[in-house]
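Accompanying notes for the structure given below.
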Amino acid sequence: MCLGVPGRIVGRDGEMGMADFDGLRREVCLSYTPEARPGDYVIVHVGFAISLLDEDEALRTLAVLRAIPGGLDEIPR
């Protein structure tokens with residue numbers, strides 16, 4: 001099973017951006033979400049931001065992932 005993880009965009013340079021995943025930052029491709037701006041939350045799947053989501057939903061999803069033992073450990077550090 002594949003999982004999309006919520007991340008907050010903290011920077012953008014063209015079609016690439018930097019997303020923060022609960023303190024871990026990774027470069028992500030924003031070509032599927034051209035409307036995403038710093039401060040927005042996106043769902044990221046295999047390095048691609050595939051959709052925008054609101055902050056409340058993102059924070060609820062991150063809380064669920066934190067509650068699962070190893071839930072956020074799948075993000076390579």
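What you see is a predicted model, and the numbers here were worked out from it, not measured in a lab.
Counted within 6.0 Å of CG on Asp13, heavy atoms from surrounding residues, nucleotides or ligands total 12 or fewer; the atom is thus considered open.
Residues Val42 and Ile9 form a side-chain contact, since some pair of their non-hydrogen atoms from C-beta on lies under 4.5 Å apart.
Put simply, CD on Glu35 and OG on Ser51 are 9.0 Å apart, with the number rounded to the nearest 0.5 Å. Between Arg25 atom CZ and Glu27 atom CD the span is 13.5 Å, to the nearest 0.5 Å. Separating the CD atom in Glu15 from the CG atom in Leu30 is a distance of 8.5 Å, to the nearest 0.5 Å. Atom CG of residue Leu65 and atom CG of residue Asp22 lie 9.0 Å apart, to the nearest 0.5 angstrom. Between atom OH of residue Tyr41 and atom OG1 of residue Thr33 there is a gap of 15.0 Å, rounded to the nearest 0.5 Å.
Screening Leu53, Val5, Leu52 against Ile43 for a side-chain contact (heavy atoms from CB on, under 4.5 Å) leaves a single residue, Leu53.
A donor-acceptor pair under 3.5 Å is absent between the side-chain atoms of Arg8 and the main chain of Ala19, judged by distance alone. The closest donor-acceptor contact from the side chain of Arg37 to the backbone of Gly39 lies at 3.5 Å or more, if one exists at all.
Taking every heavy atom of both residues into account, Phe21 and Pro6 meet most closely at CD2-O, 3.4 Å.
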